[in-house]
Structures are given as structure tokens and as C-alpha cells.
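Inspection log for the structure reproduced underneath, given as C-alpha cells.
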Amino acid sequence: QEELVRNVLVEFMSKLSDSNGFSDPTMGWNSTSLPCKDGWRGITCDQTKVKYIVLDGFGFSGFLDARVLCKVQSFAESLQILSLKDNSIHGEILDEIANCSQLTQLLVSGNQFSGSIPTSISQLKNLKSLDISWNKFSGALPDLSQIKGLTGFLAQNNQFSGAIPNFDFSDLSEFNVSNNNFSGEIPDRGIHFDIRSYLNNPQLCGSPLPNKCRSSLASKPQPTPPPPPEKPKDGISNDQILMYSGYILIGLAILFLILLWLYKRGKKKEEKLEADNRVAAVDDSIIKPSFSTVELKAGGMSKTEISSVSADHSMVSSSLIVLTSPEVNGLRFEDLLKAPAELLGRGNHGSVYKVGCEDQGMTLAVKRIKDWTISSHDFKQRMRRLDQVKHPNVLPAIAFYSSRQEKLLVYEYQPNGSLFRLIHGNQTDQAFDWESRIFVASTIADTLVFMHQQLHEDGIAHGNLKSSNILLNANMDPLISEYGLMVVDNQDRSIVASVKSFQATEENFKEDVYAFGVILLEMLTGKMALNNGIDLASWVLVVVMEEWTAEVFDRNLICQGASEERMVNLLQVAIKCVNKSPEARPNMNQVALMIRAIKEDDDRSADIRQAFVHTTSTRRFIDEMLTTILHALHGTVILRQK
Ligand SMILES: Nc1ncnc2c1ncn2[C@@H]1O[C@H](COP(=O)(O)OP(=O)(O)OP(=O)(O)O)[C@@H](O)[C@H]1O
């Protein structure tokens, strides 16, 4: 039996991997081994029965042949999970998927699937989770109300049209049909999902969307059709000639209107193309046709203000992809265009603008990157993958926009600036003491451990870690910004698909470790990563080798009485991180453990100090009480004597 299943899986894989063969021998998946017995990668079994097939992010570019996969009854009836997320699989989902009748999860998001969803899918009665989001599916969705107990339905970012079908909404806790072409009224029972589940379906209406449905029109009784004209007895009467010429005239008028409409549409397309080209041509604004820049030099930063809004905006508005961040409030591309913007700074990869969006009650930071060679598809995949990873100390992107010439990334504006400004700025109001520095160091280290190691094979490197990308929120907690945006692709793109190559290699992780070491050095020395062409890591190594270690530390730390022993300990960690040889650098887990030990040492000594202060004040309190009692006793004795 297992051999039969093996043959099914090998055939299924050959189609899925586009007949190129599945070359990675470490995965198993060949006709000389057995899926359960030999532990094929991506397969989970219950004894000899294959229960789960999970092949997410393998870069498969073939098609899912449900005729093959679900043809052997015993296998089709044991398979419970089929997850093929984040590949490049194309083609349609075939009717035969219904033969895999025990499926509880069918997850195919982030592929290139097209066509419509077969009606047979509603026969999958055990289905709990159906994720078909981020594909190219089109057409109307079938009635899914027969699937009782569906808990998740994700279909966002496709090209579905027609009405939102019937669902059994009673158990649905995850539901998203945003960024499609659905039309009509949102079903009554669907309204307990918030607006983000429905956004960007231009013809969808009803609560929770702001646009009301014109249901009154629909419910009006239709006028009864006029009775058919009487048949002429013989010949054509004058009335009939008049009537037919009327029809011909109306027909010609309609034809003329259609031609006019087609002409205008063509013209609009041309204008849009021109507008896009204009976007590429000008340099000093976020979305250039609408910005006229007024350069105001203020503290070394130039301010840019919007003075007019172009009429072309509506044409590009649909391209702003709003991610499922909770902060967003129906943000549209136009809102960015209309809002006043201020240049916060220019980095190696673009400029960042502070944009106040009054309607959303939010202040945003919009990063604009020009001429980035990444394809829109890869960029979209990357943003999507990043959006799935949530950590309280990683600043998520709220939305993004991608055109050939430029990419925009929208983040929430962080009011307390960056770690760079905190270390190197000349503000005196924010004392950046040792406790704050070790807190920032250990929080960032723990966050990197999560992103590198705790996501296992899905770990993501930052790729551009530096103190200006560490922002401080309103509580002064550090947030890592632009996470994973600039990871350099170290793998051969011809062999490995983009999603896979985006997943960090060891080399990417070790680059982050180096960059983190530099941040530690900045915090310890108060010096910039690059000063007059000399890089901080080399400078520190020379000073330490010359045994002038005490010279490296920030004077402010020494003046504040920070423990030299713990500063030296942290310096040793930093030096390990900036080792020239990547292999010799520790991984983030080891780094975080070392920093935690220093911080615990710190906390202990703070406790001892506290206890000492406490003991001293308690002792003082007891002394004072005794003196008062003695005085009182003394007074009583004198009174008695009197
Ligand atoms: N969300 C945000 N809130 C507040 N300030 C921000 C935000 N994002 C970026 N900044 C600030 O805007 C400035 C410019 O950022 P930018 O990312 O362009 O520069 P960079 O980090 O030096 O370079 P790179 O392009 O390599 O990331 C920096 O001072 C940065 O700290």
C-alpha cells in the first residue's frame, strides 16, 4: 500500500516541480524510498498513513494535479493537510480535489494559481481552513455554505468577482476577501469582520464599508413590460417605418457612444503611461507629479511640502497595498499624496518622509526607494512574508506601493527618533545611561534571536542593520525598522526561486551579527560606525590591542559611574561579533545569552544597591523611632518626678 502511495506522491511531485525532477536528495521523494518509513521532507505520517503534506516556500513552479494526488482512495481519505504556500505554482485547482475528502486544511496562498475555484470544493465537508489568498484566481466563488465548521477563509489579493457567496459564518474567525473585484452587498452575517476584510473591492457595499448599498432601488417593484406590438396584417405601415428608423438612429447613437468611450479609455491609458514616466523623471518628492518642493533648510534637514495634487491620482490609487496592520484606517494612496510631507533624511537606499494623515489620525513615515531592481512580484512576496512575522520589537510596514521605477514603504512614524540620534545627537534632555544602553542591547539581541533562530527554517535576516534603523517608540522601547527589506540574495536565482532565496542563509545571519556588534560598539564608545573614513570596529581593535581599553569607552558612561567591568564584558561581546571571519562570529543566540548575563549582573548589583539604600533608610527610621520613644519616656519620667 505504501508503495502505491509512494508512486502517487512521486508523480504528484514531478508535476508540482514542473517535471524538472525534484533534485534535492535530502528531501527523499524518490521511487526507491518510502514516504513514511524513510521520512520524506514535508510529509507527516500516522504510522504508515500520510496525513500532512506541507511544502511551503520550496519555489515549485509546476501545477497541482489533483487528479493524481487524490486518485488512490485510501491515500485520498487519509490526507488531512495540503499546504503549498509561497511557491510559484500555476494552473487551476481541479474538480478532483474533492476526492481528497478528509482535507481539513487546504492552503495554497502566495502562488500563481488562476481560473476559478471549482464548485466541487464545497464537497470538502471537513475543511476548517481554506487559504487561497495572493494568487490570480478569478470568477465567482462557489457557494461554500455546505462546509460547516469552516474557521478560516482567506481569499484576499486575487481577482475574484461577483457576490460574496453564502458561508456558514458561525465558526469563521478568520475571513478576508479584500483586494478583489467582489460586488454587491456584504452578507448580513459577515459584518462581524472589520473593514479590513473587505477593503479594495470597488463595487462591494454595505456595513462595515462606508459606502451604502442602493438596496432601495433593487427592492422597487419592476414596471410591467408593455404588451407586444400587434402583428401587421400586410405590407409596412408609415408608423412602422418611423419606428424602425427610430431604432436605427438609437443604434447609431449607442455605437457612437461606445466608440467615444473606447477612444477616451485609450487616451486615459496613454496619460497614465505618461504619468508613470513623469514619476520616474523627477527626483525630489515622494510621488513626483503631485509634489512641488520647497526646500527649507532646518537643522541640516530639508523640508518638502506638497503644494498641489495632480488629477492623475485616482489612476494609481489601487496600487497601494495595505497590509493587515491593525493601525491602518482605510489608508489610500490618495491620502499619502494629499498629506503634507517632511523629509526626515536620506539613506543609502532612498529617502524617508514624515507624512501626517489627518483622516486616519496617524503620522506615517514613508520610505521611497528608487530604481531598485527587485521585481514587483518578488517585492510583493517579500513584503507579504514579512507581514506574516510579528514581533513587538520589529516595526511592521503598514502598506507598500510598487511600480517599476519606485517602491514606497509606509511605516508608523516613531516620535523618539532613532538609536543613532540618541547616541550621536547633541540633545541633552535624553540621558542615555548605561541601564538604557544594556536594555536596548539585550532587547535587540533577543529580537534578532527570534527572527534568526526561533522561526527555524523560515528565519529572516535584517540585511541592513544599523543604529538609524533602530527606532524608539513613545515608551522608548527599541523597534527594528526596515526588517528584511534589503537582504542581499546570496543564492543563485536560476536554481532557487525568489521566496526561497529571500530566506536568509547563514551568511546573511552572520552579517547581521557583525552589524549588531557595530551597534554595540557605537553604544559603548559614543562614536559613529564610520568616522572620517575609519571604521569603528578597526579603531576599537587597535586601541584594545595597544591595551588602552579604558580609552574606548564613552566619557558620558564613565562620568555616570557605569561599571567598568560590565562595560569591558560587553566590549568583549562586541569584539566577538565584529570578527573578520564570519564563521568565527557567534550566532545571535550565543550573543543574546552573553548580554543577558551582563544585564542580570547589572540587575543584581542594582538590587544590592537598592537593598543597601533600603537597609540604611530602615536603620535610620528605627534610630529616629528609638530617639522619639526615648524622648517621650524621658518626658514621662520628668512629669512623674514633678
Ligand atoms: N518610522 C520612522 N519614524 C521616525 N523616523 C524614521 C522612521 N523611519 C526612518 N526614520 C528616520 O529617517 C531617517 C532616514 O531614514 P533612512 O532609512 O532613509 O536612512 P538610513 O537608515 O540611514 O539609510 P538606509 O536607506 O540604508 O536604511 C533616519 O534618521 C531614520 O532614523
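Whatever order the structure lists ligands and atoms in, that order sets their numbers, starting from 1. What's counted below: heavy atoms across the whole structure, side chains too, no hydrogens, waters or symmetry copies. Fair warning: this is a prediction, and the values are worked out from it, not measured in the lab.
In terms of polar-atom proximity, His349 is counted as a contact of ligand 1, with an N or O under 3.5 Å from an N or O of the ligand. Every N/O-N/O distance between Tyr413 and ligand 1 stays at or above 3.5 Å.
With atom 24 (P) of ligand 1 as the reference point, the heavy atom nearest to it among Arg421, Lys367, Gln414, Arg368 is part of Lys367.
Counting heavy atoms under 4.0 Å from ligand 1, residue Ser468 touches it through both backbone and side chain. Residue contacts with ligand 1, taken as heavy atom pairs separated by less than 4.0 Å, do not involve Lys354 at all. Residue contacts with ligand 1, taken as heavy atom pairs separated by less than 4.0 Å, involve Lys466 solely via side-chain atoms from C-beta onward.
Per-residue contacts place Leu344 under 4.0 angstrom from the following atoms of ligand 1 (heavy atoms of the residue considered): 5 (N), 6 (C), 12 (O). Contact atoms of ligand 1 toward Ser418: 31 (O) (distance under 4.0 Å to a heavy atom of the residue). Short contacts between ligand 1 and Gly350, defined as distances under 4.0 Å to a heavy atom of the residue, involve ligand atoms 18 (O). Remark: ligand 1 atoms within the under-4.0 Å shell around heavy atoms of Gly345 are 14 (C), 18 (O).
Counting heavy atoms from C-beta outward, Tyr483 and His391 have side chains that stay 4.5 Å or more apart. Contact check for Leu521 versus Val578: side-chain heavy atoms found under the 4.5 Å cut-off.
Salt-bridge formation is not detected for the pair Arg385/Asp86: no Lys NZ or Arg NE/NH1/NH2 atom is positioned less than 4.0 Å from an Asp or Glu carboxylate oxygen. Under a 4.0 Å N-O distance rule, the pair Glu522/Lys527 does not qualify as a salt bridge. With respect to Asp603 and Lys599, a salt bridge is recorded, a charged nitrogen being found less than 4.0 Å from a carboxylate O.
Classification of the Phe379-Phe400 ring pair by plane angle, with boundaries at 30° and 60°, yields perpendicular.
Atom CD of Gln560 sits in a crowded spot, with more than 12 heavy atoms from other residues, nucleotides or ligands closer than 6.0 Å.
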